[in-house]
Every structure is written in structure tokens, then in C-alpha cells.
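First the structure, in the form of C-alpha cells, and then the observations on it.
Convention: sequence-line order gives letters A, B, ...; per-chain numbering from 1. These numbers come from a predicted model, not from an experiment.
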Amino acid sequence: MRDLIEACTPLIYDSVTELGINEEDISNLIGPSTVGTMADVAIPCHSLSRILKKSPVEVSEQISTAISPHLQGLALTSSMNGFVNLKAHPEWLANKTMELLADKMMGIKKDASRKIVVDYSAPNVAKEMHVGHLRSTVIGDAIVRMLVFKGHEVIRENHIGDWGTPFGMLIEHLIDLGEESFTSRKGISDFDQFYKEARVKFDQNDMFAERARSRVVLLQGEDSDTLRLWKVLVDVSTGYFNEVYDMLGVLLDDGDIMGESAYRHLLPTVVERLHESGMLEESEGASVVYLGGKWVNREGDPFPVIIRKGDGGFNYSTSDLACIIDRVERISCDELIYVVGTPQKQHFEMVFEVASRAGFMDERHTAKHINFGSVLDSNGQMLKSRAGQSVKLVDLLKESIKRADNAISEKNPGLTGKDKDRISKMIGIGAVKYADLSTDRTKDYVFDWDKMLSFEGNTAPYLQYSHARISRIFSLSPVSRKSMVDSSIELFTEEEETLARCIVNFAESFDKSISSMQPHKLCTHIHATSSAFATFYEACPILKAENEEIMTSRLALCDLTARVISTGLELLGIQSPEMM
RNA sequence: GGGCGAUUAGUGUAGUCUGGAUAUCAUCCCGGCCUUCUAAGCCGGUGACACGGGUUCGAAUCCUGUAUCGCCCGCCA
């Protein structure tokens, strides 16, 4: 209701001066009503009572009386308990709603475009993708979609783990197995097995461990044969990642890959620049930066950011610093966003601090760690399969689709064949994504099949079902959906008004969601809209409305509701089926 | 030991930044509603701000203390 506040505020200023109230006194008091059914906008008058030396109830009554005539056709005014309440006038609301019929953006305004790098997903080469990667991928993708919609230039970067000491043992293991055998068995979800085999050999076989260590040296020396073998591992892995991304329906592809290896030539530069800035210190043979302040370790000693290890190798902090240099200087981005779990909060705080102090970025750049909580099992532990392994992401997605398929079979036996497969996929994947996006991302959540695939409650299937119901109405309608663009909307009932309010508030909810990078705010709004639709659907006949005027008005509301749902879900990376 | 965060009906959640009225939504449970556009739906009912102090006309929200829980403090990423 920010539009209503915007429209009313100057009129309120004008009309309260005669009461001896000036702008400063009242401007901070005008805000959204906290008692939903009573009003859209409220002004609590308790603090004004001291200035005017009257009771809050009296003040609210006077203000209400004073502003009422000035808000004709805009809002209905009343007062209660010392609050002035403004409720959107049905005609104003109807007009606002109609404006959206021809607006593809559903009232959302584009921002001045910024160049934003979003770093998300980040699986490891030659390792399985597990649920740990789910949140980063799903949340990151939603944020990317929202930022693009808002008019920004977004550069997706998938910072895959494709470099470092483990590759010595992985490459040697690849040699032992034979490339043919590896690439053909890639079948593909056997990475955990592959990695484990290499690890076991490394730990138990000294000769193998020695080979692995020499191989790391060769890799870092960019020996061509070693690089070729490394590339085999990378290619097979990225091929696998793409399958998962395709299944999940996220935007990431090969062009977005910027693995750790991509920054390897920048690492010495990081050291040099830190050295030049005088921040680098030597400690036990390693090169480190001490930030001081709250950064102390277990023993209370200063706790360093390690830039170069004692053995000359680089640390992940170095790689992240190189990344910042690359993003600021090569890409010249305005904003850096990292969609990475909460456990790495301190790491990013320290890296950002080092980068600012060293001048890798300045006031023009903002770096944000978009953190998120863990996915837990029903015992409150990090989600693992029974064998104690992390659950494979593909297996999880396949199961979700299967469960969705079963649910459809039961609920709509008429739906079969290709349509059914397609819709099972939309529902299964949508359910997993929505469960991840619909609660505050900074909190942990418990993975629960029954809840996420339920067709009741704040779930993707409920929203998708609402969308399918509306699509059904249009498939039976004598009036085409396209013709809705210039329909006239009139709000006859309470239910229509509530629904219209949701539709009009979509843009505001979206803006709050993206400015705080909290997708769940958008989820909450879509759910409220769907729920308002369901109530409207029960109470107001649409195709059987008493006359054509009412029917088209209601159909227009249906069209807008469906667009709120489908646009909203689309921005979250979830599809809206036209039937279920 | 230090740092960070969490705690809201039986369960799960929103609201906390920016203090405002009767704390959101959902689920569970109980009771109603299908000869009418998809009942996968709708309507009604029961039920919660961890505990103590402070600031304020007013605190779930701000400050502070306590308890419980989680995470981080690796020359792993």
C-alpha cells in the first residue's frame, strides 16, 4: 500500500496544519496498518497527544475529521483507539488493479541498472553434488532472476572447486583406472565412489601418496599432460553438473563456470599487492594478514587470514581475494554477491575486510555474503542418507518427481502420458525449491517430503494448483484471456477487494524481497494471494456471474491472480502448470 | 576460552532492521459446506512471543542479564 501512502501523505500534511501539527511530527507516524482487516494505512496518534495536550483518542478523531474530505475517492477514514485508519477506496483500488492488466511487470519498476556478480552453487569437481549445494543453487538462482527482472546486469559465476591439492590424488587415480574406464563408467553418479577410492589409496599407500604429491607439483607447473588429465576430470564433472542444473531448471551453464583454477595466475598478484600495502606479515613461515579487533583464536591470540601457506601453497582466502580483484577490475562490477552457507560468515567478513583495507575494492563496491542455514533431517542433524553419506542431489530430485507423480496418479487419474510426466516434474522440482525458498534463508530447515509435497499449506503444489484452477476457468471461458487487457474492473464484494489488494501489493512485496535478498517474502505474498483467490473463488461466481460486466471484471481478476502466481513463481525459478 | 546466531500455539512458520491496536499464515485436532466454474478447495472453533530486569505513553520488536540450542575460531573449501 505504498502507493496509497504516497498519494495520501501530502494531502494529510496540508489538512493537519490547521490542527497545529507539522510535517515532521506526523511524517514518521504514517505507515502500514498492523491490524490487517481494519485498514491499509494507520497513523498512531499517541506521540502527538503530548504536543497537542489532548488524549490520543481525541487527536485521532480530529485528524480523521480534518483529512477525510481531502481524501475523497482515495481512502476511507476512521479513527479508533487513538489511531487514524485509512482504507483504500474501492474505486482507487479498482483503478490501480486495472493499470496492471497491460503491465507485464505487474507494477514492478526497474532500478537504475547496476552490474552485479552473483557467485552461487559452487560444486566440486570429481565429487557428488549433494543437498549442501541445493540451497546455494536454488537461492542464488532466485536472486539472479529477481535482480534481472529489476533491470540489473547480472553476471552468474559458478565458483567450482577445480583446483588444489586433492587433484594430485584424483589424477593419479584416474591414471590407475584408465581414462576409458572412467569416462565410460561416468554413468555418472559414481563420483563419491571415485573420490573415496582415491582418498583410501592416498591414506594407505605411500607410493600412491608420493605420486599424488608429485602430480600436484606437475599440475601447478602446468605440465601439459597433467593439465589434459585434469581437464578430463573437469569435463566429466561439469557435464554432470549440467545434467543436475537442467533437471533443477536453473540458469547456470558452462558459460558461468569460473572455477578456482581460473584465478590461479592472479594468486601471486594478491600476495604482491598485500605486501606492497604493508599488510602482509610472516608467521611460522606463512604469509598472513592480521586484522586485529575481534578476530582472535581459541587462545585469545590474534587470528590471521592466511594468504600463503608455509609450503608455498595458497589458501582459499587468497583465491577469494583474487576473485574480488577479477570481479572489480576485469568485470568492473558494482556489486559482489556470494550465496554461501552461514558457517562461512566469518571467512567472508575477514576476506571483505582485507579486500577493503588493501584497496581491492572501495566505497563504490558492495560485497555481500548472502548466507543461509543448513538442511536438516527429522532428527535435527545435517541431512545424510542412512549410510552416513550425504544424500545425492539427483537421487533426491528423482524421488521428489516420483512422489509428485504418485500424487497426481491418485488425485487426477485423467492426467496421463507426456502431460503427466511434464507436470510431475514441475511439481516435484517446484516442491523442493519452494521448501527451500519459503522460509527465512538464514534459518535451518528440516527436509520433509510430506510437507513440501503437500497440496495444502504454504507449498509449491498449493500455489501451482491455484494456477491450474484459474487456467481451467479460462479454458471454459467464452471470453479469451488476451482480451482481458482492456477489461473494466469493479470490486463488488469484500472477497474481490481482498484479492485486488494482494494483486496491487505484489510489486511492493517483490521489492522488499529483493532488496533484502529474502525470497521467502515473495513466497509469503504469493501464498496470501492464492489463498485470497481461493476465498474469492468460493464466494464469487465467475463464469456464472449474474451479468457479463461482472463476469469480465472477475475474469480480469483471475487473469491478474494467475499472473501474480506465475510471475512470482517464475522469479523463484518454479514453473506454473496450466493443469494438474 | 573468544566470536556469531537462534528461541513465537501440539508442530512448522511470519512479524524483529524502522516499537503502536485484538501477534501472521499454515498444519494438527474439533465442527460445518459438494445437483453450481478442479473439495488438491472453502467457512467456523481451540491454542504461542524461553525466563528476569531496564528504556518508553506503548516492547515479540530496542538495551541488559540468565537458560537452552546451533555454528565458527584447520597452513580444508
Reckon [X] touches a base, only the sugar-phosphate, or nothing at all at heavy-atom distances under 4.0 Å?
| X | result |
| --- | --- |
| A:P541 | base |
| A:I542 | base |
| A:E260 | sugar-phosphate |
| A:H520 | sugar-phosphate |
| A:N124 | nothing |
| A:C558 | nothing |
| A:K345 | sugar-phosphate |

Given the rule in the salt bridge (charged side-chain N to carboxylate O under 4.0 Å, His left out) test, do A:K512 and A:E508 qualify, once you have shown the distances and angles that lead to the verdict? CA-CA 6 Å; A:K512 283 183 182 159; A:E508 184 175 354; 3.7 Å; yes
Contact nearer the 5' end of RNA chain B, comparing A:Q518 with A:F303: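 Here A:Q518 is the residue nearer the 5' end.
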Assign each of A:E349 and A:F314 the nucleotide of RNA chain B bearing its closest heavy atom; nearer the 5' end lies the nucleotide of A:E349
Taking atom P of B:rC4 as reference, at what distance in whole Å does atom NZ of A:K443 sit? 19 Å
Which base, if any, makes a Watson-Crick or G-U wobble pair with [N], both distances under 3.5 Å?
| N | value |
| --- | --- |
| B:rA60 | none |
| B:rG70 | B:rC4 |
| B:rU35 | none |
| B:rA9 | none |
| B:rG44 | B:rC30 |

Please determine if a side-chain N or O atom of A:H525 lies less than 4.0 Å away from the OP1 or OP2 oxygen of B:rG15. no
If only side-chain N and O atoms of A:K309 are considered, is one of them under 4.0 Å from the OP1 or OP2 phosphate oxygen of B:rC76? yes
Measure the spacing between CZ of A:F474 and SG of A:C558 and express it to the nearest 0.5 Å. 5.5 Å
Apply the test salt bridge (charged side-chain N to carboxylate O under 4.0 Å, His left out) to residues A:E6 and A:R2: give CA-CA distance (whole Å), side-chain angles for both, the deciding distance (0.1 Å), then the verdict. CA-CA 6 Å; A:E6 205 179 309; A:R2 60 183 176 194; over 6 Å; no
Tell me, for nucleotides 41-49 of chain B in 5' to 3' order, what letter each nucleotide earns: B for a base near a protein heavy atom under 4.0 Å, S for only sugar-phosphate near one, - for neither? BSS------
Using nucleotides 19-21 of chain B, report all nitrogen or oxygen pairs with the protein that are shorter than 3.5 Å.
from, atom 1, to, atom 2, distance (Å)
B:rG20, N2, A:H46, ND1, 3.4
B:rA21, OP2, A:T34, OG1, 3.1
B:rA21, N7, A:T34, OG1, 3.1
B:rA21, N6, A:N85, OD1, 2.7
B:rA21, N1, A:N85, OD1, 2.9
B:rA21, N1, A:N85, ND2, 3.0

Using the C1' atom as the reference point in each nucleotide, state the distance between B:rA60 and B:rG19 in Å, no decimals.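 It works out to 10 Å between them.
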Does A:R422 come within less than 4.0 Å of A:E578, counting only side-chain N to carboxylate O?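 Between A:E578 and A:R422 there is a salt bridge, with a charged N closer than 4.0 Å to a carboxylate O.
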